[in-house]
Every structure is written in structure tokens, then in C-alpha cells.
There are 2 protein chains.
Amino acid sequence: MSNLGIGQLAKRAGVAIDTVRYYERNQLLAPAGRLASGYRRYGESELKRLRFIRRAEALGFTLEDIRGPLSLSDERNVAKVKRAAEAKLTDIEQRIAELQRIRKGLRTLITACPGHGRAEACPILNALTQENPR
Amino acid sequence: MSNLGIGQLAKRAGVAIDTVRYYERNQLLAPAGRLASGYRRYGESELKRLRFIRRAEALGFTLEDIRGPLSLSDERNVAKVKRAAEAKLTDIEQRIAELQRIRKGLRTLITACPGHGRAEACPILNALTQENPR
DNA sequence: CTTGACTCTGGACTATGGTCCAGACTGCAG
DNA sequence: CTGCAGTCTGGACCATAGTCCAGAGTCAAG
């Protein structure tokens, strides 16, 4: 271990090989060391970084966030990381609120719709069709 | 009214001209009638359809949903429309649940993070870095 | 008839996060 | 040494929902 080809690294991190190269191209991963042949070589630190990225994604961070506030060089900057997490939380809360608004609308319409009969009796169609849907 | 150019139609429906043409290209709108010059002409029904599409989008339907279950030919099929609305509700609820899971994780980490000091004392960084984050 | 606004077309481009491909080269086991 | 698996590169492509552009043609007011 700790001297991995790109295939082994990808497998251990649970990502595709192309994803590793994509991350390198997009500065999420530092350029890998190379063998004389040009083959990339990785150690434990790259594996950790890759797992770091995956966990950050699972917390709702975009790759752009990870490139920026959560970048390699900032992994030790606690204050910046906390601010990034707070900003992301605000963002997530707004998305939840928006989806809840949509859910409420759908629930209201579904409850009121008999599921058969004339289109004019279907509140879903009416809501979509009328000038002032409610 | 009821004999509109694409510009008037777009303005009344509150969308961009390019969006109207995009919808036509993608079968969300039937091919428009044409003048001898090739200019598209629209009436009230197209305006209604366009507004229908916009409202459906606001309820979380994708253009693919609108092309399918909410297509022009199905606007009168109450049972199908209700099923589509129910499926969309389920979808929205799953997205909400996922975001709530993420929100919970972020809140826990933010609350526990002092916002300064050693990186090792920052639960956000620990969660992202460690093998078994919690 | 001129002028400016409107419209036409096909195709390129945006952001996001990758995925896939061809053609060439390398590493390693037998 | 052969052969197969692994890797290299640059670039094309996916979905989503449009947006923008150039170059050409058209409509309507004055």
C-alpha cells in the first residue's frame, strides 16, 4: 500500500479512474507524481484527499466549494471551513423550503382530485390551466 | 389578440423567444402555424399551453414529465395526471428527506466546531478526513 | 422606399459532474 | 517473448433547460 496505480487508488476510494483524472484536471487533486513511463503514482495522502472529497460531496458541497473553501491548502483553516459549512447549511435550508412549498402545492391538488371524471373537475388540471390557479 | 407573433406570445407568457422555439423543437408545444414568410403565428391555445408548462415547472415537473404524463394529448386524462402528480410528490419527498439528512449532518458539525484553534479540534474537518466520520 | 424592429435557421455555448473513446504505450506473468 | 491488463492523452459526449449568435429575410411606420 501507499504506492498505488490510478486503478488501485480509484478502487480503494470507490470512484472511477476517469473521476480521479477529472479531479486532477480540475484542481481538486494535486497533480500526481509520475513514473518514468508517465504512469501516475499515489500514496496514502491522495487516498485520504479523495475520501475527503467524497464525504464533502455527501454533505452537499459542490466540487466548486471543495476547490475553494475546502481546498487542500485550507484543510487546516478551521474558521474558513466553519463559514463554508454555515453557508452550505443556509443553502440547503433554502432548497428544503422551496421543495416543501412545492410539496404543499402537490398535496393540496392530489387530495382534491377525484382521479376520474371530467377534466374540469380535476384541480390539478385546473391549477395548471387556469389564469389564477390556487 | 389571438393572432400573435412569437415575440408577443413569449412576452405574454413570460418566457424568452428562444424558449418558445426550444419548446417547439422538443415537442412541448405543437409546431406553430406559419405565415407565407415562415413567421410563426399563435393564438390563445398556445398561450394557455405555455402557461400550463410554466405552472407545471413551478410544481416541480421536469420538461420530460410535461412531454409525457402531462402531454398535450393527455391534458384531459384525469387518472393519468393524478398518477403523475403522486409520482412527483414521492420524488419531491425523497429529495426533501435527503436534504434533511444533509442538513442534520451539517448542523451537528457546525454546532460542535469552535471555529478556531487546531484543525484536529474541528469536527467538520475530522468528519471529512477520518475513516469513520460521525 | 427606407429604416428599424422582428423573425428565421442551424449550430455553438453555458453549468455540473462526470463518462467514454481511440490509438498508443507500459507492466508483468508465464 | 508473448499477451493481456493497465495506463496514457485529448477530445467527444451525456442530461437539463435553456441562451446566444451570425447572417439572411420580413414587416410596418413614416
Side-chain angles (χ1 to χ4, degrees), chain A residues 3-29 31-42 46 49-71 88 91-92 95 98-99 102, chain B residues 3-29 31-42 46 49-71 88 91-92 95 98-99 102:
Chain A
N3 195 14
L4 308 162
I6 194 171
Q8 274 70 47
L9 178 77
K11 196 167 185 181
R12 287 194 189 210
V15 301
I17 289 178
D18 279 339
T19 302
V20 177
R21 287 194 280 243
Y22 172 79
Y23 284 172
E24 181 177 324
R25 262 205 314 288
N26 292 280
Q27 282 99 56
L28 287 138
L29 236 33
R34 301 288 184 130
L35 253 33
S37 63
Y39 279 28
R40 293 172 180 81
R41 278 285 115 171
Y42 296 97
E46 285 93 344
R49 175 65 182 165
L50 218 32
R51 288 177 172 156
F52 179 97
I53 293 169
R54 279 172 58 70
R55 295 199 186 95
E57 283 194 81
L59 279 175
F61 290 99
T62 64
L63 297 189
E64 178 59 29
D65 294 328
I66 300 168
R67 238 192 311 272
L70 298 184
S71 71
K88 186 52 56 177
D91 174 30
I92 299 287
R95 287 202 265 156
E98 167 73 0
L99 288 175
I102 291 170
Chain B
N3 195 14
L4 308 161
I6 193 171
Q8 275 69 46
L9 178 76
K11 197 168 185 181
R12 288 193 188 211
V15 302
I17 289 178
D18 279 338
T19 301
V20 177
R21 286 193 281 243
Y22 172 80
Y23 285 173
E24 181 177 324
R25 263 206 313 287
N26 291 279
Q27 282 100 55
L28 286 138
L29 236 33
R34 302 287 185 130
L35 253 33
S37 63
Y39 279 28
R40 292 171 181 81
R41 279 285 116 172
Y42 296 96
E46 285 92 343
R49 175 67 182 165
L50 218 33
R51 288 178 171 154
F52 179 97
I53 293 169
R54 279 172 58 69
R55 295 197 186 97
E57 283 194 82
L59 278 175
F61 291 99
T62 64
L63 298 189
E64 178 58 32
D65 294 328
I66 300 168
R67 235 191 313 271
L70 298 183
S71 72
K88 186 52 55 179
D91 175 29
I92 300 286
R95 288 202 264 156
E98 167 73 358
L99 288 175
I102 291 170

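All chains are named by letter (A, B, ...) in the order of the sequence lines, taking the proteins before the strands, and each is independently numbered beginning at 1.
The NZ atom of Lys11(B) sits 11 Å away from the P atom of dT7(C) (whole-angstrom rounding). Residue Ile6(B) contributes atom CD1, which lies 11 Å from atom C1' of dC6(C) at whole-angstrom precision. Distance, Glu64(B) CD to dA17(D) P: 9 Å, rounded to whole Å. Spacing between atom CG of Leu28(B) and atom P of dT16(D) amounts to 12 Å, rounded to whole angstrom units. Regarding Ile17(A), its CD1 atom lies at a distance of 8 Å from the P atom of dC8(D), rounded to whole Å. At whole-Å resolution of the value, CG in Asn26(B) and P in dG10(C) are 13 Å apart. Rounded to whole angstrom, the span from the CG atom of Asn3(B) across to the P atom of dA28(D) amounts to 10 Å. Rounded to an integer number of Å, the gap from CG of Leu9(A) to P of dT7(D) is 10 Å.
Between Glu64(A) and Arg67(A), at least one side-chain N (NZ, or NE/NH1/NH2) sits under 4.0 Å from a carboxylate O, which counts as a salt bridge.
In this structure, the side chain of Gln27(B) engages the main chain of Arg25(B) through a donor-acceptor pair within 3.5 Å.
Set against dA17(D), dG17(C), dT9(D), the side chain of Thr62(B) has dA17(D) as its closest nucleotide.
A sub-4.0 Å separation between OP1 or OP2 of dT9(D) and a side-chain N or O of Arg40(A) is present.
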Each nucleotide of nucleotides 18-30 of chain C classed B (base within 4.0 Å of a protein heavy atom), S (only sugar-phosphate) or -, in 5' to 3' order, makes BBB-----BS---

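Glu98(B) has its side chain within reach of Ile102(B): a pair of non-hydrogen atoms, C-beta onward, lies under 4.5 Å apart. Here the side chains of Leu50(B) and Tyr42(B) are not in contact, with every heavy-atom distance at 4.5 Å or above. In this structure, Tyr23(A) and Leu63(A) have side chains that are in contact, with non-hydrogen atoms separated by less than 4.5 Å. Taking the side chain as every heavy atom from C-beta outward, Ile66(B) and Arg54(B) never approach each other to under 4.5 Å. Side-chain contact between Lys88(A) and Leu59(A) is absent, with no heavy-atom pair separated by less than 4.5 Å.
Contact annotation for Arg34(B): backbone-only contact, meaning every heavy-atom pair under 4.0 Å involves sugar-phosphate atoms and none involves a base.
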